[in-house]
Number of protein chains: 2
Amino acid sequence: MAANSRLTIAAHALAWLELARRRGRTTLTSDEVAASVNTNAVIVRRSLTDLHRAGLVTARRGNGAGFALGRPAAEITLLDVWLAVSPEPLLALHRTEPNLECPVGRGIRPVLTDLYDEATQAFQASLARTSVADILERMPT
Amino acid sequence: MAANSRLTIAAHALAWLELARRRGRTTLTSDEVAASVNTNAVIVRRSLTDLHRAGLVTARRGNGAGFALGRPAAEITLLDVWLAVSPEPLLALHRTEPNLECPVGRGIRPVLTDLYDEATQAFQASLARTSVADILERMPT
DNA sequence: CCAGAAGCAACAGCTTTTGTTACGACTGAG
DNA sequence: CTCAGTCGTAACAAAAGCTGTTGCTTCTGG
């Protein structure tokens with residue numbers, strides 16, 4: 001699969017929003033974010049619309065409008081962002097139902113489901129340890 | 001992305017190989033594995049070829065040949081399997097280079113790389129806790 | 001009213017995954 | 001040695017997802 005870069009784009013946008021805020025600009029347009037991420041403004045709006053649905057940013061339309069952080073950057077974790085933009089699970093079960101006449105075909109799915117959940121939770125717990133503010137602190141200014 | 005199910009197919013094949021071994025059959029053909037997984041034999045051979053390259057199974061060609069476990073099922077972890085069949089990273093950086101004139105564009109990539117590595121390692125550590133033998137033990141017999 | 005910006009649908013190009021067919025390479029049985 | 005059975009692998013098609021693009025609609029402050 002084309003590994004998706006939505007978390008990267010969303011995290012980049014949020015970091016840029018926070019840096020702009022510290023410099024006195026509370027809102028940025030999708031064009032301004034797209035210029036930093038180096039992609040199309042529609043791609044940015046798609047990501048930021050996801051974040052908007054999750055309450056991580058606010059969006060105002062109209063002349064002079066744009067996007068702003070929905071809450072302090074220290075209170076937005078990478079997990080929040082990942083959950084907002086990543087609809088797909090990390091690991092998928094069989095695409096077609098396995099053969100139920102085989103003991104493995106009958107029994108393996110609930111086991112793998114549990115194991116995949118555990119691995120996904122470990123992954124998520126790691127993402128939850130870092131906030132957007134932390135990302136800015138780790139960047140050279 | 002179509003989330004890939006290679007880990008599922010490979011784990012299923014290994015569990016089936018181990019169960020067959022306990023019943024006295026040390027090798028299975030790709031057709032027999034495919035019948036349990038309910039997919040095409042070529043798909044199974046592709047997965048098992050990956051596992052073969054990683055040393056997790058042995059493959060013998062010729063009349064009466066097939067695949068067998070390369071080492072005890074208790075010594076094959078899901079992480080071994082994942083590493084053998086999953087070429088793609090869990091999280092991708094920007095597809096195109098961000099704008100280097102922006103401080104975020106310049107600085108965010110090494111930070112995200114580190115954070116993604118940490119999350120991936122947490123994920124891998126979770127997979128490493130379970131072996132193929134554990135999977136069989138968690139299945140109803 | 002209107003200019004500017006978000007919201008959104010539709011489409012194309014690309015990549016990945018899965019599935020299928022076909023065929024070559026190898027090997028044990030006879 | 002022959003041959004049937006099996007792995008190994010290439011080529012191809014269908015389906016799905018991601019990115020990027022265009023164009024239009026909706027909203028809102030001036």
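Small disclaimer: the values here were computed from a predicted structure and weren't measured. Below, read A as the first sequence line, B as the second, and so on, with proteins coming before strands; counting in each chain starts at 1. All values below were derived from every heavy atom in this structure, side-chain atoms included, with hydrogens, water molecules and symmetry-related copies excluded.
Between the side chain of B:Asn99 and the main chain of B:Gly105, no donor-acceptor pair closer than 3.5 Å is present. The backbone N or O of B:Val85 lies less than 3.5 Å from a partner atom in the side chain of B:Arg6, making a donor-acceptor pair.
Between B:Ser5 and C:dT18 there is a side-chain N or O to OP1 or OP2 distance below 4.0 Å. Phosphate proximity of D:dC7 to B:Ser30: present, with a side-chain N or O under 4.0 Å from OP1 or OP2. Phosphate proximity of D:dG8 to B:His52: present, with a side-chain N or O under 4.0 Å from OP1 or OP2. Listed pair A:Thr39 / D:dG20 meets the phosphate criterion, a side-chain N or O lying under 4.0 Å from OP1 or OP2. Using a 4.0 Å cut-off, some side-chain N or O of A:Asn4 falls inside it from OP1 or OP2 of D:dC18.
Straight-line distance from the CZ atom of A:Arg61 to the P atom of C:dG7: 6 Å, rounded to whole Å. Atom CG in A:Asn40 sits roughly 8 Å away from atom P in D:dT22 (whole-Å rounding). Going from atom CG of B:Asp31 over to atom C1' of C:dT21 covers 14 Å, rounded to whole Å. Summarising the geometry, the separation between CZ on A:Arg53 and P on C:dG7 is reported as 9 Å, rounded to the nearest angstrom. Between the P atom of C:dA5 and the CD atom of A:Glu32 lies a distance of 8 Å, rounded to the nearest Å. The interatomic distance linking A:Ile9 (CD1) with D:dG20 (P) rounds to 6 Å, in whole Å. Distance A:Arg45 CZ to D:dT26 C1': 12 Å, rounded to the nearest Å. Here C:dT20 presents its C1' atom at 15 Å from CG of B:Asn38, a figure rounded to the nearest Å.
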Query raised in the report: How does DNA chain C look in dot-bracket form if you count Watson-Crick and G-U pairs under 3.5 Å, write [ ] for pairs that cross, and put | where a base pairs with another strand?
Result: ||||||||||||||||||||||||||||||
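A:Asp134 and A:Ser131 share a side-chain donor-acceptor pair at under 3.5 Å. Between the side chains of A:Arg95 and B:Ser5, no donor-acceptor pair of N or O atoms lies under 3.5 Å. Judged purely by distance below 3.5 Å, without hydrogens or angles, the side chains of B:Asp80 and B:Thr77 pair a donor atom with an acceptor atom.
For B:Ile43, counting side-chain heavy atoms from C-beta on, the closest listed nucleotide (D:dC7, C:dT17, C:dT20) is C:dT20. Nearest to the side-chain atoms of B:Val42 among the listed nucleotides C:dG19, C:dA22, C:dT27 stands C:dA22. Taking every side-chain heavy atom of B:Asn63 into account, C:dG28 is the closest of D:dT19, C:dT18, C:dG28. Checked against D:dC7, C:dT17, D:dG8, the side chain of B:Glu88 finds its nearest nucleotide in C:dT17. Residue B:Ala59 has its side chain nearest to D:dC7 when only D:dC7, D:dT9, C:dT17 are considered.
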Query - A:Arg22 and A:Leu136: CA distance, side-chain angles, deciding distance, side-chain contact (heavy atoms from CB on, under 4.5 Å) verdict - result: CA-CA 11 Å; A:Arg22 292 182 188 178; A:Leu136 280 184; 3.8 Å; yes
Query raised in the report: Where do A:Ser86 and A:Asn4 land on the side-chain contact (heavy atoms from CB on, under 4.5 Å) test, with the steps shown first?
Result: CA-CA 9 Å; A:Ser86 229; A:Asn4 91 37; 4.2 Å; yes
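To the nearest 0.5 Å, atoms CG (A:Leu93) and CG (B:Leu7) are separated by 10.0 Å.
Using a 4.0 Å heavy-atom cutoff across all strands shown, A:Arg46 reaches at least one base atom of the nucleic acid.
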